[in-house]
Amino acid sequence: METGKEERSLNFIEQIVEKDLAEGKNNGRIQTRFPPEPNGYLHIGHVKAICMDFGIAEKYNGVCNLRFDDTNPVKEDVEYVDSIRNDIHWLGFRWGQIYYASDYFQQLYDLAIRFIKEGKAYVDEQTAEQIAAQKGTPTEAGVASPYRDRPVEENLRLFQAMQNGEIEDGRMVLRAKIDMANPNMHFRDPIMYRIITTHPHHRTGRTWNVYPMYDFAHGQSDYFEGVTHSICTLEFVVHRPLYDWFIDQFADSDYRPHQYEFNRLNITYTVMSKRKMLQLVKEGLVAGWDDPRMPTVCGLRRRGYSARAIRAFIDKIGYTKVEGMIDLGLLEHTVREDLKETAPRVCAIFDPVKLVLTNYEGAGETIVAENIDGKPELGTREMPFGRELYIERGDFQEEGDKNFYRLSPGGREVRLKAAYIIQATGCDKDADGRVTTVYATYDPQSKSGTEGGNRKTKSTINWVACDACIEAEARLYDRLFAVENPSAEEGDFRELLNPDSLHVVTCKVEQALKKEMQPLPVNDGVAEQHHYQFLKQGYFVVDPDTTSDKLVFNRTASLKDNWQK
RNA sequence: UGCUCAAUGGUGUAAUGGUAGCACUACAGAUUCUGGUUCUGUCUGUCUGGGUUCGAGUCCUGGUUGAGCAACCA
C-alpha cells in the first residue's frame, strides 16, 4: 500500500483507529458514515469530512455508509439528496449503503416511549422562550420546568397526542429528564422531539407529526447501523457526552459507537456556511449553487477544479483539533499543480492588436504544435499561420526598456510561439495615440523545430491568425470576498463581497478550439470538464453554457505572474 | 465568573521523552520556445512561569490567549 510513496505520518484519527484495531475492538470491524443533512449543496468543507469518513473505511478495509440526516422537513428537500449523491460519486467515493435517519423514525419513536416509561423523558408545554430562559446560562444553573414531574401516563398520552396531530406546532416538546444544573448545557433536559406539521417530509410524507432532534437521532442511528467511528467536526465536542448518555440508556450489549472530532475547514476570502451560501443563491448575488465562485463542490467543478485536485488539497491540509484558516493560495496552487500535467496549451489573445509581418509572403502555412511542450504523447494541434496575426497588446511597447523582454521597434528578437522569430519595426497609432497595428519582419530560417530555429530569444509571445481564429467568452473569476475572513467581520457579510469577482471578456482563441463548440457531454448528471491552459494567462475550462454558436470558458486559476509592472 | 477543546515560522502540518522537519507564501539566483514550469538557496517557529528528567515542542502544574457551548438547526 505504502510502496512507492514516501512515509507519511498518521493523522490523530488514524492513530485512534490503528490503536483500536491493535486492541481488537469490535473484532477489527471499521464502520464510518458520512451524515449530510439534505438542506444544501456539498461544499469543500464537507469534502474534508468525506475524505476522512470514506478514507478511513477504505484504508482499514471497513465500510462507509451514506446517511442522510433528514430529521428536519422544514429545511430539507430531495433536490439536495440528489446533488449530494452526485457530488460524492464525482469525487470518486463509493458508499456501502444509503441510509436515512428517517428510516429510524419508528425505532426512535418507540425508544422515546421507552424513555417516558422509564421516567427519563417528559412532555413540556412551555414556549421556546420559556424553555430557553429557564435553561440558565453557561455560568448559572437552570431551573426545572413545572412540567418536569408529570406522571408517566400523562406524558405517554400527550406524546401520543403530539404524534396524532392533535397538538399545534410549538405547543409541546418531549424533553429528556437529565440535569438542569449540569455544567454542560446540553444535559439541561435537552429536547428530544418537536412537532412539525407545516412541512411534509420528503420521504415519509405526512406519516409523522413529531420529529427527533439531532441529539436524539444521530447517536442512535450510529448505534442501529453498527458504526464504530463516528467522525465529525469540533463543534460537536460538547455533544459527545450526551451522545454517549443516550446510547447508554438503552444499549443491550457492550458495543458502542464512538464520536471523534476534527477541525473544520476554513479558507480565506470565502464563507463555509450553508446558511450564507443559500442566502447568496436566493438573493441572486451569485448565479446559483454551482456559480464558479462558490466553494461548493459543483461550483468548484464548474470552475474547473478536478476531483483529483480537490482531494489533493484536502490531503495537504491535514486533520487536527486546531481551528485555523487555510490560504486560498494553497487551493489555487493545488489546482495548478494538477492541471499543469494534463491541460493542453493553447493561445488566447485577450486584448488583441494586429501584427503584420511585412516580409512574409506565404499562404496556407500551418504550424503543428505540441499540446504540451515536451509531452508528444499528449498530441499536437494545427495552428494556421499568416501575414496578419493578433498578438497581445501588452506584448508590444513603442519604447522598450531593459526589463521589457517583448516586442519593441528595433528591440529584442522575439519568438512567436511554436513559429518564427520576429523583430518589430514600427507601429501605427490612432488619433489618441493608441497602437492599432504593429509591424515586424520575420526570419524565414527560424521556424521552431528547425536548425535555424534554435536561436535563443528572451521571450516568446502568443498569437493567433487573423483569418483563422475564433471568438470565445472568457469569464474571469476572482475571490468571492474582498476580506480574508468574512465571518469575523461585524455587520452584513454581503457587503464584504468582492465587486470584481467576475469579469466577462471576449478573447480570440486558436481555431483548434472549434471542436469545443458544442454542448458539453454530461455523465451521471455531471458535465465533463475540458481543461486548457491559455498560455501565460491561466487554466480555463469549457463552461456548460457553451453551444455550437458560442464558446464559453471559465478561468479556473491564473498563472503565477512574477513580472510586476 | 462555569464547562469543553486547543496553542510549533506569515499559513497549514510533522516530530508520539533523544538533531524542530515538510508544504504553501515571500525573497534571491539558475534553467526555460509560457516573465509559467523546474531546480537551488535565503528569511521566519515550539504562548508563558515553575516542575519531573541525563535530556521536554512532547509529561505534570499555574497562568495567558483563542475557539466552542445557553436553536423546538445539524
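Just so it is clear, the model here is predicted, and its values are computed rather than measured. Numbers restart at 1 for each chain; the letters A, B, ... are given by sequence-line order, proteins then strands.
Side-chain N or O atoms of A/E392 include one that pairs as donor or acceptor with a backbone N or O of A/D351 at under 3.5 Å. When atom types are taken as modelled, the side chain of A/Q423 and the backbone of A/G411 share a donor-acceptor pair closer than 3.5 angstrom. The backbone N or O of A/V143 sits nowhere less than 3.5 Å from a side-chain atom of A/R148 that would complete a donor-acceptor pair. Without hydrogens or angle criteria, A/T296 side chain to A/W289 main chain gives a donor-acceptor distance under 3.5 Å. Looking at A/E370, its side chain does come within 3.5 Å of a backbone N or O of A/G374 through a donor-acceptor pair.
Across the C1' atoms, B/U44 and B/G10 are found 8 Å apart, a figure rounded to whole Å. For the P atoms, the distance linking B/G41 with B/G62 amounts to 45 Å, nearest Å. Taking atom C1' in both B/A15 and B/U8, one finds a spacing of 10 Å when rounded to whole Å. Separation of the P atoms belonging to B/U31 and B/C39 is 16 Å when rounded to the nearest angstrom. Atom C1' of B/A30 sits at a distance of 40 Å from the matching atom of B/C47, rounded to the whole Å. When the P atom is compared between B/A7 and B/U58, the two are found 11 Å apart, to the nearest whole Å. Atom name C1', nucleotides B/C43 and B/U11: the rounded distance is 15 Å, in whole Å. Taking atom C1' in both B/A14 and B/U32, the straight-line distance is 34 Å, to the nearest Å.
Rounded to an integer number of Å, the gap from CD of A/E168 to P of B/C72 is 17 Å. B/C72 atom P lies 18 Å from atom CD1 of A/I167, rounded to whole Å. Atom CE in A/M325 sits about 21 Å away from atom P in B/C24, given to the nearest Å. Taking atom CD of A/Q259 as the reference point, atom P of B/U4 lies 16 Å away to the nearest angstrom. Per the geometry, CD belonging to A/E392 stands 14 Å off C1' belonging to B/G35, to the nearest Å. The interatomic distance linking A/K375 (NZ) with B/U38 (C1') rounds to 12 Å, in whole Å.
Among the atoms of the strands shown, none is found under 4.0 Å from any heavy atom of A/N266. Base engagement by A/F404 is indicated by at least one non-hydrogen atom pair under 4.0 Å involving a base atom. In this structure, A/A132 reaches the sugar-phosphate backbone alone: every heavy-atom distance under 4.0 Å involves primed, P, OP1 or OP2 atoms, never a base. Counting non-hydrogen atoms under 4.0 angstrom, A/L535 reaches a base of the nucleic acid. Using a 4.0 Å heavy-atom distance criterion, A/I317 is classed as a sugar-phosphate-only contact. Within 4.0 Å of A/D215, counting heavy atoms only, lies no atom of the nucleic acid at all. Across all strands shown, A/Q126 has heavy atoms under 4.0 Å from base atoms, whether or not it also approaches the sugar-phosphate. A/G324 comes within 4.0 angstrom of the backbone, heavy atoms only, and of no base. Here A/K274 lies out of heavy-atom contact (under 4.0 Å) with every strand. Contacts of A/T71 with the nucleic acid, taken as non-hydrogen atoms under 4.0 Å apart, involve only primed sugar atoms and P, OP1 or OP2. When heavy atoms are screened at a 4.0 angstrom cut-off, A/G449 is found touching base atoms of the nucleic acid. Across all strands shown, A/Y193 has no heavy atoms under 4.0 Å from either base or sugar-phosphate atoms. A/N72 comes within 4.0 angstrom of the backbone, heavy atoms only, and of no base. Residue contacts for A/H218: at a heavy-atom cut-off of 4.0 Å it reaches no nucleic acid atom on any strand shown.
Checking the phosphate oxygens (OP1, OP2) of B/C73, a side-chain nitrogen or oxygen of A/R194 falls inside 4.0 Å. Between A/N263 and B/U13, a side-chain N or O to OP1/OP2 separation shorter than 4.0 Å is present. For the OP1/OP2 pair of B/A67 and a distance below 4.0 Å, the side-chain nitrogens and oxygens of A/K321 include no atom meeting the criterion. Here A/K456 reaches the OP1 or OP2 of B/U32: one of its side-chain N or O atoms lies under 4.0 Å away. Side-chain nitrogen and oxygen atoms of A/K536 include at least one within less than 4.0 Å of the OP1 or OP2 phosphate oxygen of B/G35. Side-chain nitrogen and oxygen atoms of A/N562 include at least one within less than 4.0 Å of the OP1 or OP2 phosphate oxygen of B/G36. At B/C69, none of the side-chain N or O atoms of A/H186 fall inside 4.0 Å of OP1 or OP2 (strictly under the cut-off).
The nucleotide whose nearest atom lies closest to any side-chain atom of A/S9 is, among B/A14, B/C69, B/C73, B/A14. With B/G36, B/A71, B/U13 as the choices, the nucleotide that has an atom nearest any side-chain atom of A/K560 turns out to be B/G36. Between B/G36, B/G68, B/G10, one nucleotide has an atom nearer to the side chain of A/V238 than all others, and that is B/G68. When the nucleotides B/G12, B/C5, B/U37 are ranked by their closest atom to the side chain of A/V237, B/C5 comes out on top. The side chain of A/S459 sits closest to B/G35 out of B/C72, B/G35, B/G2. Nearest to the side-chain atoms of A/A128 among the listed nucleotides B/U25, B/C72, B/A6 stands B/C72. The side chain of A/R406 sits closest to B/G35 out of B/C69, B/G35, B/A14. Taking the side chain of A/P183 as heavy atoms from C-beta on, and the options B/G36, B/G2, B/A74, the nearest nucleotide is B/G2. When distances run from any side-chain atom of A/I131 to the nucleotides B/C73, B/C72, B/A14, the shortest one goes to B/C72. Side-chain proximity of A/Y405 to B/G35, B/A14, B/A74: nearest is B/G35.
With hydrogens and angles left out, the side-chain atoms of A/Y539 and A/E332 include no donor and acceptor closer than 3.5 Å. Neither side chain, A/E76 nor A/N72, offers a donor N or O lying under 3.5 Å from an acceptor on the other. Between the side chains of A/T32 and A/D53, no donor N or O sits under 3.5 Å from an acceptor N or O.
Nucleotide B/G36 forms a pair with no other nucleotide shown, judged by Watson-Crick or G-U wobble geometry with both contacts under 3.5 Å. Nucleotide B/G2: paired with B/C69 (Watson-Crick or G-U wobble, both distances less than 3.5 Å). Figure legend. B/U64 is base-paired to B/A7; pairs are counted as Watson-Crick or G-U wobble with both atom distances under 3.5 Å. Taking a pair to require two hydrogen-bonding distances under 3.5 Å in either a Watson-Crick or a G-U wobble arrangement, B/G41 pairs with B/C27. Across all strands shown, B/C54 forms a Watson-Crick or G-U wobble pair, both distances under 3.5 Å, with B/G18.
For a distance-only test at 3.5 Å, the side chain of A/Q533 qualifies as a donor-acceptor partner of the base of B/U34.
An aromatic stack links A/W563 and the base of B/G35, using centre distance under 5.5 Å and interplanar angle under 30°.
Heavy-atom neighbours of A/R455 CZ from other residues, nucleotides or ligands within 6.0 Å: above the threshold of 12.
Taking the ring axis of A/Y99 as reference, the NZ or CZ atom of A/R33 does not stay both within 45° of it and closer than 6.0 Å to the ring centre.
Nearest-nucleotide assignment on RNA chain B puts the 5′-proximal partner with A/N184, out of A/N184 and A/P212. Taking the nucleotide of RNA chain B with the nearest heavy atom to each of A/E125 and A/Y539, the more 5' of the two is matched to A/Y539.
When all heavy atoms are compared, the tightest approach of A/F216 to A/M192 is CE1-CE, 3.2 Å.
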